[in-house]
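First up is the structure itself, then whatever we jot down about it.
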Amino acid sequence: MVESRHRIHAVRVDASGSLAEERGDAGLVTFMRSAAKPIQALLLVRSYDDLAEEDIAIAAASHHARAEQLAAVRELLARAGATEDDLECGPVNGSRLEHNCSGKHAGFLCVCAAHGWPFEDYRVREHPLQIQVLAALDEAAGLGGNEIPVAVDGCGVPTFGLSLERMAASFGRLVRNELEGADRVTAAMREHPALVEGPGSAATEVMQALPGLVAKGGAEGVLCIGLGDGSGLALKSEDGSGRGLLPAAALLLDLADLRVSTIRNSRGEAVGEVTAES
């Protein structure tokens, strides 16, 4: 039997935003990647008061291009008066719609439409949209205007560097509804966890297992969770692999049924498993 290990840093803050538990390095700074999407979606709900929950959930999603997910993306594009060609996330399988970030990008186009901002280059850091996204992230993380490292994410928009403690704190603020529009974003994610990612993904699995919490994963092994008691949790796989995140989160959340993940090959055959150790 061949054994490999994935070291995962995990940080929990309590409902006051104070550090409550640290397994690894709470001060580790890494890019939030797609885990920032629920915060980015705040701009969408602040711009419209008549959004369907599915539209909000898909704006916060890293979707699997399932039919119902693509339908929700199309609804956002229609609201913006935009087309697939306006999406600046790049194509997957020849389709920009099928990019797993197309919901976020369609939501961005809706925000631009609401404010009269140009669609072109909405993804770049200097665009009015991205300036507001950075301000929302700064507010959620409670940094008070301190400089946040910014890079370019896989889909072309800015991504933000935060410590794990600040990531956990931002999700705590989300579930405590301390940010304008947070109640609508979290309600949509709780009601439609399968839209937010999909079966087998850590965020969807923990939301379905523990109704009331909100979770979102990000590339390179990031997972952020806001719990029903107002606390926040952030996990980061040191080697960037995401396959240990679900068992690790299950260990921390006392979800016995999810503490073992089966590894399958391209034929669907079980060839190994991932378990979490404290």
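Since we're looking at a predicted model, the values are computed, not measured.
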Under 3.5 Å, is there a donor-acceptor pair linking the side chains of [X] and [Y]?
X      : Y      : result
Asn93  : Ser95  : no
Glu273 : Ser261 : no
His64  : Ser201 : yes

When you group the ILVMFWY residues by side-chain heavy-atom contacts below 4.5 Å and let the links chain together, are [Y] and [X] in the same group?
X      : Y      : result
Leu19  : Ile225 : yes
Trp117 : Val45  : yes
Ile58  : Leu70  : yes
Val222 : Phe31  : no
Leu129 : Leu51  : yes

Going by atom type alone, with no hydrogens or angles, which donor-acceptor pairs under 3.5 Å involve a side-chain atom of residues 157-168 and a protein atom two or more places apart or on another chain?
from	atom 1	to	atom 2	distance (Å)
Thr159	OG1	Arg33	N	3.2
Ser163	OG	Arg166	N	3.1
Arg166	NH1	Ala141	O	2.7

[X] side chain vs [Y] backbone, donor-acceptor pair below 3.5 Å:
X      : Y      : value
His127 : Pro118 : yes
Gln69  : Leu195 : yes
Glu205 : Gly200 : yes
Glu269 : Asn265 : no

Is [Y] close to [X] at the side-chain level, that is, under 4.5 Å between some pair of heavy atoms?
X      : Y      : result
His9   : Ser237 : no
Arg123 : Phe108 : no
Leu76  : Leu109 : no
Leu210 : Leu253 : yes
Leu42  : Glu180 : no
Arg7   : Asp239 : no
Pro199 : Arg66  : yes
Leu77  : Leu87  : yes

Once you round to the nearest 0.5 Å, how far does [atom1] of [X] lie from [atom2] of [Y]?
X      : Y      : atom1 : atom2 : result
Ile148 : Met32  : CD1   : CE    : 10.0 Å
Leu174 : Asp183 : CG    : CG    : 10.5 Å
Gln132 : Cys112 : CD    : SG    : 11.0 Å
Leu246 : Leu235 : CG    : CG    : 10.5 Å
Cys101 : Asp153 : SG    : CG    : 6.5 Å
Leu252 : Glu21  : CG    : CD    : 6.0 Å

Which atom pairs, one a donor and one an acceptor, fall under 3.5 Å between side chains of residues 187-194 and the rest of the protein, sequence neighbours left out?
from	atom 1	to	atom 2	distance (Å)
Arg190	NE	Gly212	O	2.8
Arg190	NH2	Gly212	O	2.9

So with a 6.0 Å cut-off around CD of Glu120, is the heavy-atom count from everything else above 12?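 No, because the 6.0 Å sphere around CD of Glu120 holds 12 heavy atoms or fewer from other groups.
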Apply the test side-chain contact (heavy atoms from CB on, under 4.5 Å) to residues Lys216 and Glu197: give CA-CA distance (whole Å), side-chain angles for both, the deciding distance (0.1 Å), then the verdict. CA-CA 8 Å; Lys216 185 68 193 72; Glu197 290 189 3; 2.9 Å; yes
At their closest point, which heavy atom of [X] faces which heavy atom of [Y], and how far apart are they?
X      : Y      : result
Gly198 : Thr204 : N-OG1, 2.9 Å
Val196 : Ala60  : CG1-O, 4.1 Å
Pro149 : Glu147 : CD-O, 4.0 Å
Leu97  : Ser102 : O-OG, 2.7 Å
Phe171 : Pro38  : CZ-CG, 4.0 Å
Gly244 : Ile8   : O-CD1, 3.3 Å

Ion pair check, [X] and [Y], cut-off under 4.0 Å:
X      : Y      : result
Glu84  : Arg96  : no
Lys236 : Glu238 : no
Glu53  : Arg184 : no
Arg12  : Asp14  : no

Could you please spell out the steps behind the side-chain contact (heavy atoms from CB on, under 4.5 Å) verdict for Val274 and Val260? CA-CA 6 Å; Val274 181; Val260 178; over 6 Å; no
Ile263/Arg243 under side-chain contact (heavy atoms from CB on, under 4.5 Å): CA gap, chis, key distance, verdict: CA-CA 9 Å; Ile263 302 171; Arg243 66 184 184 181; 3.7 Å; yes
Any idea how Tyr122 and His105 line up, ring-wise: parallel (<30°), tilted (30 to 60°), or perpendicular (>60°)?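 The arrangement is perpendicular - the two ring planes meet at more than 60°.
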Here's one to test your reading of the geometry: is the NZ or CZ of Arg79 within 45 degrees of the ring axis of Tyr48 and under 6.0 Å from its centre?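 The answer is yes; both the distance and angle limits are met.
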The test is side chain to side chain donor-acceptor pair (under 3.5 Å); show your working for Lys104 and Ser34 and say whether it passes. CA-CA 9 Å; Lys104 174 183 69 178; Ser34 286; 5.2 Å; no
Test side chain to side chain donor-acceptor pair (under 3.5 Å) applied to Ser231 and Asp229, step by step: CA-CA 6 Å; Ser231 62; Asp229 63 0; 2.6 Å; yes
